[in-house]
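Here's the structure, in structure tokens; my notes come after.
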Number of protein chains: 2
Amino acid sequence: MDTPLAPSTLEMSNPQQTALEQPPELDIEELQRHMVVTRRKVAAGQYLYRNGQPFHALYLVHAGFLKTCELSEDGREQVTGFRMRGDLLGVESIGLAVHTCDAVALEDSQIWELPYPPVLNACLQVPELQIRLSSALAEEIRRDRSWMLTIGTLPAEQRVAAFLLDLASRLARLGFSARHFILRMGRADIASFLALKHETVSRALSHLEQLEYISVLRREVKLLDIPKLSACAGTPRTIQ
Amino acid sequence: MDTPLAPSTLEMSNPQQTALEQPPELDIEELQRHMVVTRRKVAAGQYLYRNGQPFHALYLVHAGFLKTCELSEDGREQVTGFRMRGDLLGVESIGLAVHTCDAVALEDSQIWELPYPPVLNACLQVPELQIRLSSALAEEIRRDRSWMLTIGTLPAEQRVAAFLLDLASRLARLGFSARHFILRMGRADIASFLALKHETVSRALSHLEQLEYISVLRREVKLLDIPKLSACAGTPRTIQ
DNA sequence: CGGATCTTTGAGCGGGGTCAAATTAGGTGG
DNA sequence: CCACCTAATTTGACCCCGCTCAAAGATCCG
């Protein structure tokens, strides 16, 4: 146990647990009965889609890790989330002709491309799919609002603690270790997401390590005291 | 022209323009063909729904003004948005049994209650409705992300400028004056929404007034120089 | 091996938070 | 209608958390 995630592999090795068979929010086999689902590979650093590109599909992450970035006309940029297996991307562009944000792979990733008008048609025919899709959109809203609460009410170090716990719980749901993992993003991305500067994130991590709540070495993180971390983050988040 | 919004009336007087007939995102007459839509009145200060209450309907604001608040288990609170005529509330609870946030009326309001399972059924029968609903959810995500960008990248005064411009443009879409309006919420609510303290909002407003970009007296606001305000907010937001 | 990028850490500063007080508006009951 | 009370807003004074600027490793790439 306690081996970190294999860094940057397409097969996303799963050493200790077996939860990969749990269905993602959207049932891919059901979807394939209604539309042509194409697999896409996106290399680390490449865009899955960019601000301004025509919107014609939703994307389900099958493997890998991505970030989404909101952009302003005057060049400001904000990481709005990190996406992994089972997460649905592109939903924010529903109802528009073009995407309004970027999705960038942070490691080599595999994506299922769900062509958009067909998704809607499938939902019309299969009520269960419609429920899944609207639930996924609603879940996205809840996630965003939950981070607004965190960012609006917690100081830097506690935001970082909340971030680590969130990541851990999501990894755990996918069957990976919640206590030992590799960050796929740099300090600057974490900082942007948490509305901080990268130096502040670095210092927060160092301090959490000094408190012996975690251990950090570059991108390798171990959570040593999840209860204390949780108390620190304000939300007694349950992991596993 | 330039009369402020009539403060706290159910009929929401509309002195200068006539845009009330423009259809809200969801067509209420179409909905009424498929379900029992009940009108609700919510007095200022009352909850439309609260965290923990069973979720059984979406709510379309017909008149009035409300805020939504995200809550944490340890008592922190964050205003996540201000809602007015045409806005859909409760969407964040889709897929759940209970609401996970509060919706509070800031003035006496009229609400159309759309019972939830029937809404889904109507969407199955009327593709146009399904498109409207998923677009409304997606729009909500875009709004939230846009505020994440603002809060994550702009200093206090510019957040306040962005807030005023956003409010102005939404009022303009409803046919009210964008240059002269009454704030329905207190400084503390604005502050929470913008991840600031109420004293900071107060100071920012005073300073914007000193710059002669706006004039403020308690809750009455006039936008004197929208181009400069927009430049200040980073986003050349177009109003009207 | 050399250069670019990422991360850490330090030193110093400043924007926004905290605490406090004054002012004003608004609501209520006499 | 007014006196009183409560709540909202403004403003000042001070301080501190997080930002800025800078430099020194560390890691990864060709």
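Letters A, B, ... mirror the listed sequences (proteins, then strands); counts begin at 1.
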For this session: Answer yes or no: side-chain N or O of B:Arg159 and base N or O of C:dG16 forming a donor-acceptor pair under 3.5 Å.
Result: no
Problem set entry | Interatomic distance, B:Leu183 CG vs D:dA8 C1' [rounded to whole Å] | 13 Å
Exercise. CG of A:Leu106 versus P of C:dC6: gap in Å, rounded?
Worked result: 11 Å
Exercise. What is the distance, rounded to the nearest whole Å, between atom CG of A:Leu196 and atom P of D:dT20?
Worked result: 11 Å
Exercise. Under 3.5 Å, is there a donor-acceptor pair between the A:His180 and A:Glu220 side chains?
Worked result: yes
Exercise. What's the CG-P distance between B:Leu205 and D:dT11, to the nearest Å?
Worked result: 10 Å
Exercise. Does D:dT10 have OP1 or OP2 sitting under 4.0 Å from an N or O in the side chain of B:Arg187?
Worked result: yes
Problem set entry | Interatomic distance where CG belongs to B:Leu217 and P belongs to D:dA8 [whole Å] | 17 Å
Exercise. Does the side chain of B:Ser206 get closer than 4.0 angstrom to OP1 or OP2 of D:dT11 through an N or O atom?
Worked result: yes
Problem set entry | Side-chain donor/acceptor of B:Glu199 to base of C:dC19, under 3.5 Å | yes
Problem set entry | Rounded distance (Å) that lies between atom P of D:dT27 and atom CD of A:Glu220 | 12 Å
Exercise. Aromatic rings A:Phe82 and A:Phe65: how do their planes relate, parallel, tilted or perpendicular, breaks at 30° and 60°?
Worked result: parallel
For this session: Tell me whether the OP1 or OP2 atom of C:dC6 has a side-chain N or O from A:Arg218 closer than 4.0 Å.
Result: no
For this session: Assign each of B:Val201 and B:His198 to its nearest nucleotide of DNA chain C by heavy atoms, then name whichever residue's nucleotide is nearer the 5' end.
Result: B:Val201
Exercise. Would you say B:Thr200 reaches C:dG17's phosphate, i.e. side-chain N/O to OP1/OP2 under 4.0 Å?
Worked result: yes
Exercise. Can you tell me how far C1' of C:dT18 sits from CZ of B:Arg203, to the nearest Å?
Worked result: 10 Å
Exercise. Is B:Arg219 near enough to D:dT9 that one of its side-chain N or O atoms lies under 4.0 angstrom from OP1 or OP2?
Worked result: yes
For this session: With side-chain contact (heavy atoms from CB on, under 4.5 Å) as the test, would you mind laying out the steps for A:Glu70 and A:Glu77 before giving the verdict?
Result: CA-CA 6 Å; A:Glu70 192 79 9; A:Glu77 205 173 318; over 6 Å; no
Problem set entry | Minimum heavy-atom distance between A:Arg50 and A:Asp102, given as atom pair plus value | CA-OD1, 3.3 Å
Problem set entry | Gap between atoms CD1 and P, on A:Ile182 and C:dC6 respectively (whole Å) | 17 Å
Exercise. Is it true that a side-chain atom of B:Thr150 and a backbone atom of B:Arg159 form a donor plus acceptor pair closer than 3.5 Å?
Worked result: no
